[in-house]
Amino acid sequence: MSKDYEIKTGCDRGLCHQAIGRQDRQLNTYDWLADVPGNTDDTDLVEVQFKHTRKGYYHNVNNLELKKGDIVAVEANPGHDIGVVTLTGRLVKLQIKKANLKSSEEIRRIYRIARPVDMEKFREAKAREHATMIESRQIAKNLGLKMKIGDVEYQGDCNKAIFYYIADERVDFRQLIKDLAATFHVRIEMKQIGARQEAGRIGGTGPCGRELCCATWMKNFISVGTSAARFQDISLNPQKLAGMCAKLKCCLNYEVDTYVEAGRKMPSKDIQLQTQDSDYFFFKSDILAGLVTYSTDKNIAANLETITAQRARQVIEMNRRGEKPESLQENGLKNEPQGPIDLATQDNITRFDRAKKKKKKKPRKPQPKDGKE
């Protein structure tokens, strides 16, 4: 994080403070009130972001001219912490309301814009995080605790460290805290996170070829069920539906509402369509295109007919009145009858039994005796 903070982007200090300036974190909020006169005069509240997904809200009691991207030293317990300003003005009030911070005691103060001494201490703290995580994992293993320490975050002044851990069951880590405090000589705080939060902290590339959503822009994790896959007619294959966190992919929820709305216009799969020639059974459907395919055989594909969902409802209504159309097609045309299609025999299965043609051997040319022709 410290390397990114040093990048200059045309601003006086820190990261770009413009509303559309891209942050290096997934919790960046577009400040659409940034260019409104008097935006920062209504409140002294400021949103400050720390490592990964941790944010805090603070009072600018010293009336500093803070801009988005400024690195500040803020009040912590104990000591101070270093973070970057991500939001100022009226939108901070909405963010606090969203975070359900009702007590004024939860909102601390901003001390100052970070000095070179603060940044040097901050870099020292960040340099210790990886080694601390590896060593703390070994300590937890020696204690026989069924937990995994996924990340460590040091406070900006090195007085405190937050250990993020994952555990399926309740863990008694009282002895672990004592051992960690004795080893690293800092105040210890334990925070439990889930598998999705761990994937967001580690990062990676999804099967779509893009960076994980939880590592780029997702803030809240909504439960994902297999019903979302059923609505979209996705095969319930655990290997295909699981993400990097071994949980169901969050993107299964992205389009499910569209599929549910479009699915309401589709006819029921259990209804059988009747024409003057034959009865048709549901075979497959294209929900977004509004097309339904029917087969004359209930178990295999035979005499497939593809019609619109509107036409299917018309035929269903006619069948309810005791009427049978000439065909499923609206123009009354009939497809040529076809036999059942067995996908297993589409290719010639005897192609491997064909005998290979043997090459005829050429007769050997007689060799002359004594080297004379």
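Since we're looking at a predicted model, the values are computed, not measured.
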Sequence neighbours left out, cut at 3.5 Å: what donor-acceptor pairs do the side chains of residues 248-263 make with other protein atoms?
from   : atom 1 : to     : atom 2 : distance (Å)
Lys249 : NZ     : Lys240 : O      : 2.9
Asn253 : ND2    : Ser223 : O      : 3.3

With the side chain counted from C-beta on, respond yes when [X] and [Y] share a heavy-atom pair under 4.5 Å apart, and no when they do not.
{"X": "Met119", "Y": "Ile82", "result": "yes"}
{"X": "Val48", "Y": "Val84", "result": "no"}
{"X": "Val36", "Y": "Arg90", "result": "yes"}
{"X": "Lys55", "Y": "Gln95", "result": "yes"}
{"X": "Phe163", "Y": "Leu180", "result": "yes"}

Heavy atoms of other groups near [X] [atom1], more than 12 under 6.0 Å:
{"X": "Arg321", "atom1": "CZ", "value": "yes"}
{"X": "Phe231", "atom1": "CZ", "value": "no"}
{"X": "Gln310", "atom1": "CD", "value": "no"}
{"X": "Leu236", "atom1": "CG", "value": "yes"}

Inset, instruction - Among residues two or more places apart or on two chains, list those pairs meeting salt bridge (Lys or Arg N to Asp or Glu O under 4.0 Å) that have a residue in residues 174-183. - result: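 Sorted pair list: Asp172-Arg174.
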Legend entry - side chain to side chain donor-acceptor pair (under 3.5 Å) partners of Thr226, counting only residues at least two apart: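 Checked Thr226 against side chain to side chain donor-acceptor pair (under 3.5 Å); matches are Arg230.
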Legend entry - All side chain to side chain donor-acceptor pair (under 3.5 Å) counterparts of Glu153, not counting sequence neighbours: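 By the side chain to side chain donor-acceptor pair (under 3.5 Å) rule, Glu153 matches Arg54, Tyr164.
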Inset, instruction - Report yes if the distance between the aromatic ring centroids of Phe122 and Tyr154 is under 6.0 Å, otherwise no. - result: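 Ring centres of Tyr154 and Phe122 not closer than 6.0 Å.
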Using salt bridge (Lys or Arg N to Asp or Glu O under 4.0 Å) as the criterion, list what pairs up with [X], not counting sequence neighbours.
{"X": "Arg264", "value": "none"}
{"X": "Glu169", "value": "none"}
{"X": "Arg112", "value": "Asp118"}
{"X": "Lys284", "value": "none"}

So, taking the atom named [atom1] in [X] and the one named [atom2] in [Y], what distance separates them when rounded to the nearest 0.5 Å?
{"X": "Leu143", "Y": "Leu145", "atom1": "CG", "atom2": "CG", "value": "5.0 Å"}
{"X": "Ile162", "Y": "Glu189", "atom1": "CD1", "atom2": "CD", "value": "4.5 Å"}
{"X": "Glu75", "Y": "His59", "atom1": "CD", "atom2": "NE2", "value": "10.5 Å"}

Closest approach of [X] and [Y], non-hydrogen atoms and distance?
{"X": "Cys214", "Y": "Ala199", "answer": "SG-C, 3.9 Å"}
{"X": "Arg311", "Y": "Ser327", "answer": "NH2-O, 3.2 Å"}
{"X": "Gly150", "Y": "Met133", "answer": "O-SD, 3.4 Å"}
{"X": "Ala302", "Y": "Ser295", "answer": "N-OG, 3.0 Å"}

Has the side chain of [X] got a donor or acceptor atom that lies under 3.5 Å from a matching backbone atom of [Y]?
{"X": "Arg109", "Y": "Tyr58", "value": "no"}
{"X": "Glu326", "Y": "Gln276", "value": "no"}
{"X": "Asp279", "Y": "Gln272", "value": "no"}
{"X": "Gln155", "Y": "Asp81", "value": "no"}
{"X": "Ser285", "Y": "Ile287", "value": "no"}
{"X": "Asn237", "Y": "Gln239", "value": "yes"}

Inset, instruction - Show the numbers, then the answer: is there a salt bridge (Lys or Arg N to Asp or Glu O under 4.0 Å) between Glu120 and Arg123? - result: CA-CA 5 Å; Glu120 184 178 354; Arg123 296 187 189 97; over 6 Å; no
Hey, any chance [X] and [Y] share a hydrophobic cluster, counting ILVMFWY side chains that come within less than 4.5 Å of each other, even indirectly?
{"X": "Val92", "Y": "Ile107", "value": "yes"}
{"X": "Val315", "Y": "Phe281", "value": "no"}
{"X": "Phe221", "Y": "Val224", "value": "no"}
{"X": "Leu176", "Y": "Val171", "value": "yes"}

Inset, instruction - Report the C-alpha distance between Tyr280 and Thr296 in whole Å, list the side-chain angles of each, state the deciding distance to 0.1 Å, and finish with yes or no for side chain to side chain contact (heavy atoms under 4.5 Å, CB included). - result: CA-CA 5 Å; Tyr280 288 86; Thr296 55; 3.5 Å; yes
Inset, instruction - Could you walk me through whether Gln274 and Asn319 pass the side chain to side chain donor-acceptor pair (under 3.5 Å) test, one step at a time? - result: CA-CA 7 Å; Gln274 298 177 344; Asn319 293 157; 4.7 Å; no
Legend entry - Derivation of the side chain to side chain contact (heavy atoms under 4.5 Å, CB included) call for Phe184 and Thr132: CA-CA 8 Å; Phe184 304 113; Thr132 301; 3.6 Å; yes
Suppose we screen for side chain to side chain contact (heavy atoms under 4.5 Å, CB included). Which residues come up paired with [X], at least two apart in sequence or across chains?
{"X": "Gln138", "value": "Lys141, Asn142"}
{"X": "Glu198", "value": "Lys148, Ile166, Ile193, Ile202"}
{"X": "Leu94", "value": "Leu91"}
{"X": "Leu291", "value": "Asp286, Ala289, Thr306, Thr308"}

Legend entry - Stepwise side chain to side chain donor-acceptor pair (under 3.5 Å) test for Glu211 and Thr216: CA-CA 7 Å; Glu211 191 176 357; Thr216 51; 5.8 Å; no
Legend entry - Test log, rule side chain to side chain contact (heavy atoms under 4.5 Å, CB included), inputs Leu304 and Phe283: CA-CA 8 Å; Leu304 297 180; Phe283 182 72; 4.0 Å; yes
Inset, instruction - Show your working on side chain to side chain contact (heavy atoms under 4.5 Å, CB included) between Thr205 and Leu212 and close with a plain yes or no. - result: CA-CA 6 Å; Thr205 304; Leu212 298 179; over 6 Å; no
Legend entry - Note: Asp157-Lys121 ion pair, threshold 4.0 Å (strictly below):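 No, this pair does not count.
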Inset, instruction - Report yes or no: do Glu305 and Tyr294 form a side-chain donor-acceptor pair below 3.5 Å? - result: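 No, Tyr294 and Glu305 have no side-chain donor paired with an acceptor closer than 3.5 Å.
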Legend entry - Criterion ring pair (Phe, Tyr, Trp, His ring centres under 6.0 Å) on Tyr165 and Phe173, from CA distance to verdict: CA-CA 11 Å; Tyr165 72 94; Phe173 45 72; 5.4 Å; yes
Legend entry - Residue from Asn60, Ile110, Thr88 passing side-chain contact (heavy atoms from CB on, under 4.5 Å) with Asp44: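 Considering Asn60, Ile110, Thr88, a side-chain contact (heavy atoms from CB on, under 4.5 Å) with Asp44 is found only for Asn60.
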